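Note that the structure is predicted; figures quoted are calculated from it, not measured. First the proteins, then the strands, lettered A, B, ... as listed; each starts at 1.
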Number of protein chains: 2
Amino acid sequence: MRLGEGVEWTLHCCLTLGWLETDEPVSTAKLAATFDLPPAYLNKRLQTLVRAGVLSSTPGARGGFRLARPPEKITLMEIVAATEGAEYAFRCTEIRQKGAGAERPAHEFQRQCVITTAMRKAELAWRRELASQTLADMLAAAPVAAAERTRDWFDRVG
Amino acid sequence: MRLGEGVEWTLHCCLTLGWLETDEPVSTAKLAATFDLPPAYLNKRLQTLVRAGVLSSTPGARGGFRLARPPEKITLMEIVAATEGAEYAFRCTEIRQKGAGAERPAHEFQRQCVITTAMRKAELAWRRELASQTLADMLAAAPVAAAERTRDWFDRVG
DNA sequence: CCGAACCTGGACATGTAATATCCGGATTAT
DNA sequence: ATAATCCGGATATTACATGTCCAGGTTCGG
Ligand code: SF4
Ligand code: SF4
């Protein structure tokens with residue numbers, strides 16, 4: 001099991017947007033330069049965050065992205081779900097109904113089996129943990145120097 | 001993020017081996033037939049469980065697989081980690097050290113950043129949940145009819 | 001002792017999803 | 001008007017999971 005790199009990218013971008021206390025939107029190009037990422041593809045991931053309501057975008061010259069809400073109202077779960085999809089990591093393909101189970105009537109399989117129950121329980125614990133942490137929490141936990149350096153860098157590259 | 005189908009396969013196989021209270025090893029061919037899975041590939045996944053110490057195998061005619069330990073001593077975490085790998089789902093590629101961070105000395109990045117900390121915390125909750133559930137728990141939670149049907153089927157196919 | 005039924009592991013083929021690039025269209029500041 | 005920027009479809013590339021095949025070893029039963 002592996003989370004896509006996009007998650008790392010979008011989390012970093014949200015953190016960066018939180019550190020820059022400006023109201024100005026930040027363009028894909030600048031964010032991509034900040035982390036040395038492919039601009040076109042990063043833009044796609046940012047778009048998904050816009051659709052998910054985490055970011056808001058302004059088109060046109062001097063346009064870009066900004067947080068759609070204050071950081072206290074953005075959970076890590078939202079960011080992760082937006083970039084990685086909201087589906088469960090464990091997806092049952094009902095193999096119990098194949099082979100030995102194929103001879104039995106379908107109504108026997110209505111109830112969710114113990115495997116799905118167990119896996120889902122674990123996944124809910126994961127989600128609960130991510131939902132309990134907000135972007136504001138991360139901003140507060142990070143060393144202040146990191147925020148300052150980010151602001152400095154964005155000042156310099158204009 | 002998505003768990004491979006192998007997890008579903010191996011969990012089902014372990015459950016099946018737990019239901020058959022026999023001491024006889026069960027061959028890959030029988031397990032594959034039970035769930036209509038590709039035998040050669042299923043065998044590979046079972047081999048990884050053997051290496052992980054979850055199953056034990058006996059070669060030769062009338063050989064096959066059996067649980068290496070009583071079900072009370074086998075956690076879901078072991079089975080999942082064995083088939084899916086023990087690495088973390090979120091893997092940091094240190095993009096903070098690229099772009100804006102490239103100009104700064106490496107020693108500034110020794111400490112784990114807030115993103116990794118947060119993601120790891122969630123993942124540990126997931127693992128803890130999986131580690132807290134044993135194969136015996138699942139065997140007990142499943143309806144007795146399921147166990148009986150499994151035994152019946154294995155009796156019939158010999 | 002022989003052959004059939006098994007596991008083991010390497011090499012290879014296939015399929016699918018994530019990553020990455022490209023482009024034409026729409027919107028906005030200067 | 002021009003340049004900067006977001007939007008999203010089409011397409012290419014890459015990585016990885018899935019799947020097949022085969023050439024070894026074991027063990028059982030005759
Ligand atoms: S029995 Fe459970 S794990 Fe297996 S296929 Fe059905 S729902 Fe999925
Ligand atoms: S800053 Fe954190 S999330 Fe980003 S690359 Fe480094 S460890 Fe990973």
**Message:** Under a 3.5 Å threshold, yes or no: a donor from one side chain and an acceptor from the other, between Glu72(B) and Thr134(B)?
**Reply:** no
**Request:** State whether a side-chain donor-acceptor pair under 3.5 Å links Gln133(B) with Thr75(B).
**Result:** no
Nearest whole Å is fine: how far is [N] [atom2] from [X] [atom1]?
X: Leu42(B); N: dT8(C); atom1: CG; atom2: P; value: 12 Å
X: Leu49(A); N: dC6(D); atom1: CG; atom2: C1'; value: 14 Å
X: Leu31(B); N: dC6(C); atom1: CG; atom2: P; value: 12 Å
X: Arg91(A); N: dA17(D); atom1: CZ; atom2: P; value: 14 Å
X: Arg66(B); N: dC6(C); atom1: CZ; atom2: P; value: 14 Å
X: Phe35(B); N: dG19(D); atom1: CZ; atom2: P; value: 15 Å

Check this one for me: any side-chain N or O of [X] less than 4.0 Å away from OP1 or OP2 of [N]?
X: Gln47(B); N: dC7(C); value: no
X: Ser57(B); N: dT8(C); value: yes
X: Thr28(A); N: dC6(D); value: yes

**Message:** Run Leu124(B) and Trp126(A) through side-chain contact (heavy atoms from CB on, under 4.5 Å) and show every step you take.
**Reply:** CA-CA 8 Å; Leu124(B) 288 176; Trp126(A) 182 73; over 6 Å; no
**Request:** Check whether more than 12 heavy atoms from other residues, nucleotides or ligands sit under 6.0 Å from atom CZ of Arg69(B), and answer yes or no.
**Result:** yes
**Request:** Determine, for Arg62(A) against Glu24(A), whether the closest basic-nitrogen to carboxylate-oxygen distance falls under 4.0 angstrom.
**Result:** yes
**Item:** Salt bridge present between Arg127(A) and Glu129(A) (N-O < 4.0 angstrom)
**Value:** no
**Asked** Which letter, B, S or -, goes with each nucleotide of nucleotides 16-30 of chain C from 5' to 3', with contact meaning a protein heavy atom under 4.0 Å?
**Response** -S-BBB-----BBSS
